[in-house]
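First up is the structure itself, then whatever we jot down about it.
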2 protein chains.
Amino acid sequence: MLRGRAYDQVDMTAAKHQVSRGEDSRRSRAARAGIRDVAAEAGVSITTVSDALNGKGRLPDTTRSHVRSVADRLGYRPSAAARTLRTGKSGLIGLTVTTYGEEPFTFTEFAYFAEMARAATSAALARGYALAILPATSQHDVWSNVALDGTVVIDPADHDPVVAELVRQGIPVVSDGRPGGDVPVAGWVDNDHEAAVVGLLDHLAGSGARRIGLLAGAGTDTYTRLSTEAYLGWCARVGQQPVYETYPAHDPCAGAVAADRLLARPDRPDAVYGLYDPNGTDLLAAARRYGLRVPEDLLLVCCSESGVYASTEPPVTTLSLQPGRIGSAVIQLLIDTIEDRAAASAARPAAVGGRSGGGSRRAGAGHLAGHHGTAHPGPGVRPMVQRVMPTELIVRASSQPRVRATTVNQQRTPPAADR
Amino acid sequence: MLRGRAYDQVDMTAAKHQVSRGEDSRRSRAARAGIRDVAAEAGVSITTVSDALNGKGRLPDTTRSHVRSVADRLGYRPSAAARTLRTGKSGLIGLTVTTYGEEPFTFTEFAYFAEMARAATSAALARGYALAILPATSQHDVWSNVALDGTVVIDPADHDPVVAELVRQGIPVVSDGRPGGDVPVAGWVDNDHEAAVVGLLDHLAGSGARRIGLLAGAGTDTYTRLSTEAYLGWCARVGQQPVYETYPAHDPCAGAVAADRLLARPDRPDAVYGLYDPNGTDLLAAARRYGLRVPEDLLLVCCSESGVYASTEPPVTTLSLQPGRIGSAVIQLLIDTIEDRAAASAARPAAVGGRSGGGSRRAGAGHLAGHHGTAHPGPGVRPMVQRVMPTELIVRASSQPRVRATTVNQQRTPPAADR
DNA sequence: TTGGGGAGCCAATACGTTTCTGCATGATTG
DNA sequence: CAATCATGCAGAAACGTATTGGCTCCCCAA
C-alpha cells in the first residue's frame, strides 16, 4: 500500500530530477552511478537513499531493502571524497617513516619497520581505517594533498617540523618511540629500552661474560640514545670499563667495518651486544675472520626481528622489540584519540550550556591495554598518553654458558622463548 | 596604483563576504582557515585566491605574492577532500598486498615486498602521489571509503574479485606479476622468470653440478608456477631427472622441514635452488646437519633480497628479482595510465563534435620508458602494457666451482654482480 | 468532528574547492 | 573617434554526499 503509492510517484520524481539536472543526463553513459541515480531509479529522494544505506532515519524495512537492491543493481559506491568532505572523516591514517639518508627513506632496512607496518596496517583495517605511507621530509605538497584523520610518526626527530605542522592543523599525532624535544604529540608507545638492555647484559654476565662490548649507532634517535645510556649505566654499576664502537646507522657497509674494529681492539670484549639488525651476521663474520669461536670465545646478542638468526651457525640470541605489538598498540592509541576527539567536538555545543547530553560513546573503555600511563577523565583534552611495551629475549646458542663441547652433528635448537 | 585601488575595495568585499556567510563567522574561533578566510583577509575573491595559489588565471605577480603571503600568514591549507571532490583526482594510489593465510596478510615475510613497497612509495612520492596499503581481501568497506586514483596489485589471484570491482569502477589497475586468468588489468610488470631460472641452472651446471634440486612452494602464484615450469623444462632439455620438494609458502617452519627432506632423499641433489628468501639459511642448516660441505658437497643458490647472505658461512649466491626496480616501474606505469586516461577524458567532449579545440594537454609524451611491450597510439584505449624486467644473479662462494681448498682465514668476497 | 502525534518521506543547505563565464577598465589600433 | 583587445578580477555553478528541519498523510483518542 504505502509501497504502491510511493513508487507510483517514481516517474514524476525521476522526471523532476532529470530535468533539474539538465539534458546532459545522456552523458551518464559511462559515468559512475551517484546517489541521485539510485534515488531516481528507486523512486525515492536522495535523503531516503542515504538513510537507507547508512541505517539512519525512520524507514520501514521494505524501503530499506528496496533501495539497497537498486543500489546493488546499479553498482553504486558512495564517493569517498564527498563523504569525507561532508563528514570530516576520511578513514585514512598516515604512517610516517623517517628518512635516514636523503631520498630513499629506508623503510625496511631492518625488519623492524616492515613488521611494525604490517601489524599497524592490520590493526587499522580491523577498525575500518586504511594506512597511507608518507615521508617525514617536509614535502608538505604531498601531506596536504591527502586528507588524514591522524598520523603515526615513527621515531620523530627533536622539534620535528612535520609533526608541528600536523598538530597545528589539529590532526592527532602519536609516535612510535618517545618523542624527543617538546614534540607535541598526543601520545606515544615505546619499549622499555632501559629494562631490556639491563636484562640482556645481566643475561650475558650470567653466562660468564667479563667484558661486554657494544656495537651502536652514531644517530641521535631515542632508541640508540636510551640503549647506549642504559649500557653505560650498567657498566658504571658493575664497575666495567665501557667498550663500544659506533657507526652511522644508515650505511650497511659501515656496520661490518665497525664490527671488525670492535673485535680488533686491544681491550677486546668477550661478549658483544649489537644494537641493529644486521649486526649479528656482521659480528659472526668478524669473529670467523679473527678465529674466535662463538660462544666459546665470544658471546653474542643482537637486537633483531629477523628469523635468520634461528639457523645461523651458531644460532644467535636476539632481543625482539616486538614491533608487531608496538604497531598494533600505536594504532589503537591513535584511533582512540581520533574518535574521542570527534566525540568531544560533537558534544561541544551542548557542553558549553548544560549537561553533556547522551555522550555514551565508547571512550577507550576496556582495551586490552596493559598499564596506561594515564587514564583520561573524559572526552576533551587528554593528557599525553604514554604506553610502555615489554621486549622479549630469545635465547639461542650464541649466548649460552661455555660448557658442552660441540659435536659435528649438533641438535637442532628450537627457538626457546625466555623472560 | 592598481594595488591601491584593488585593496581599497577590501573592506567592501570583505564585508559582503562576511554578510553572505551570516553572523556565524564568529565560530571561526578554532576552525581551520578556508579559502574564504584568505579571500576576505586579502581583499580579493575566492577565485583570485584559487588562481593565485594554483598558478592559473591572469594575475599580476603583485596580486599573486600578496595572496600567497596572506595564505601563509593564516596557515591556510586547502582541504584535500574538497579538492578531490572537485577535480576527481585524489593523489592516492592503492597498494594491494596479498593475504597469504587469513587475517595478518604477510607483507614482509620476505624482504621482497618490503623493498618493493619502499621503492614504490618513493617513486609515487616523486610524482606527487602517496601510497595507501590495502588488503586484497574483499572487504570493500575499506576499499570504497578511500578515494583512489589507481591501484597496484601484487601477484593477483586468478579472477580476483577486488580487481574486477576496481576495474568496474573505472579505476586503473596494474599488477606486479603477470595476472592469472583473465584479470582485466591495464598493464603489468614482471621479471623474466624463465630466463632467470635457466640462467641460474646453467650457472650451477657450469660449476659442476650433475643433479640440481629445487625447493619450491605449493602455492599457485605466478612466480612459483613459472619458476617451477622453467626448472622442469630445463631438466627435460638437459636430460636430468627433476628432484624437488614443495611446501606451503606461508609457513616458515615448513621451509626448514622441506629443506631437510630434500637433502635426506636417496637421490640427493648435489646442488639446490631455493625459490624463497629463507631457503638459503634453511638449506645451510640442513647441510650442516648432514655433514655436507658447501660448496664442496653441495652447491647452493637461493632467491633472496636479503643482505645476510653476503656474510653467512659460506656466503650464498642469490638471485635478486630487483624488487626496487619492479616497484618503481609498476608505479610509473600506473601513473602514466592514470594521467593518460585523465587527459583522454578531458579531450573527449570535443572529440564527438567538431575540432578538438585547444587540446594541448600533455599526453604521455616523452617518458623515460625503456622497452614497452606496446607503444600506445594516443590518449584513449591503451592495450595492456606489459613490461619485463631483468633479474640479477649475485654469485658468491656457495655456487663457485670446487677448486681451491678453504683456508681458515679466507678472503672477504665482495658481492660480484653477474649477468 | 477535531486535534495530537507518529510514521514515512523529502527539499534545501552546507562541506570547501575549482573552473567556466563574463564584466569592467584602460590600451591599442583602423 | 570608434572598434577591438588584453588585462585583472568576481559571480556562480558544479562536485556528491550527510543532515536538519520540516511536510504530509493517517490513526486514534477526546
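Hydrogens, waters and symmetry mates play no part in the numbers below; they use all other heavy atoms, side chains included. A quick note: this is a predicted structure, and the numbers were derived from the prediction, not measured. Chain identifiers are assigned alphabetically (A, B, ...) following the order of the sequence lines, protein sequences preceding nucleic acid strands; residue numbering begins at 1 within each chain.
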**Study point:** Interatomic distance where CG belongs to A:D37 and P belongs to D:dG16 [whole Å]
**Key:** 9 Å
Review point. Can you tell me how far P of C:dT18 sits from CZ of B:R86, to the nearest Å?
Key: 9 Å
Review point. Within the modelled atom types, does a donor on one side and an acceptor on the other bring the side chain of B:T47 and the base of D:dG11 under 3.5 Å apart?
Key: yes
Review point. Can you check the A:K89 NZ to D:dT19 P distance for me, whole Å?
Key: 13 Å
Practice item. Determine, stepwise, if the pair B:D336 / B:R127 fulfils salt bridge (charged side-chain N to carboxylate O under 4.0 Å, His left out). Key: CA-CA 10 Å; B:D336 286 349; B:R127 290 188 66 170; 3.1 Å; yes
Review point. With a non-hydrogen cut-off below 4.0 angstrom, is B:R58 in contact with a base, only sugar-phosphate, or nothing?
Key: base
Review point. Sub-3.5 Å donor-acceptor pair from the side chain of B:D340 to the main-chain atoms of B:T337, do we have one?
Key: no
**Study point:** Length of the line joining B:L59:CG and D:dC9:P, which is rounded to integer Å
**Key:** 6 Å
Practice item. Would you classify B:S50 as touching base, sugar-phosphate or nothing, given that sugar-phosphate means primed atoms plus P, OP1 and OP2, and contacts are heavy atoms under 4.0 Å? Key: base
Practice item. Please figure out whether B:N54 or A:T48 has its closest DNA chain C nucleotide nearer the 5' end. Key: A:T48
Exercise for review: Test A:P184 against every option in A:V163, A:V173, A:D160 by the side-chain contact (heavy atoms from CB on, under 4.5 Å) rule and name the one that passes.
Suggested key: A:V163
Exercise for review: Take the protein atom NZ of B:K56 and the nucleotide atom C1' of C:dT18, then report the distance between them rounded to whole Å.
Suggested key: 8 Å
Exercise for review: Ignoring the backbone of A:L85, work out which of D:dA10, C:dC9, D:dG16 is nearest its side chain.
Suggested key: D:dG16
Exercise for review: Starting at atom CD1 of B:I35, determine the distance to atom P of D:dG11, rounded to an integer number of angstrom.
Suggested key: 14 Å
Practice item. Specify the separation, in whole Å, of atom CG of B:N145 and atom C1' of D:dA18. Key: 14 Å
Review point. Can you check the B:L53 CG to C:dT18 P distance for me, whole Å?
Key: 8 Å
Exercise for review: Consider the side chain of A:S45, meaning its heavy atoms from C-beta on, and name the nucleotide among D:dG16, C:dT17, C:dA11 that approaches it most closely.
Suggested key: C:dA11
Exercise for review: Using atom types as modelled and distance alone, determine if a side-chain donor or acceptor of B:S50 lies under 3.5 Å from a backbone N or O of B:T47.
Suggested key: no
Check your understanding: B:E41 pairs by side-chain contact (heavy atoms from CB on, under 4.5 Å) with which of B:V67, B:V49, B:V70?
Key -> B:V70
Check your understanding: Does B:S79 make a side-chain N or O approach to OP1 or OP2 of C:dT17 shorter than 4.0 Å?
Key -> no
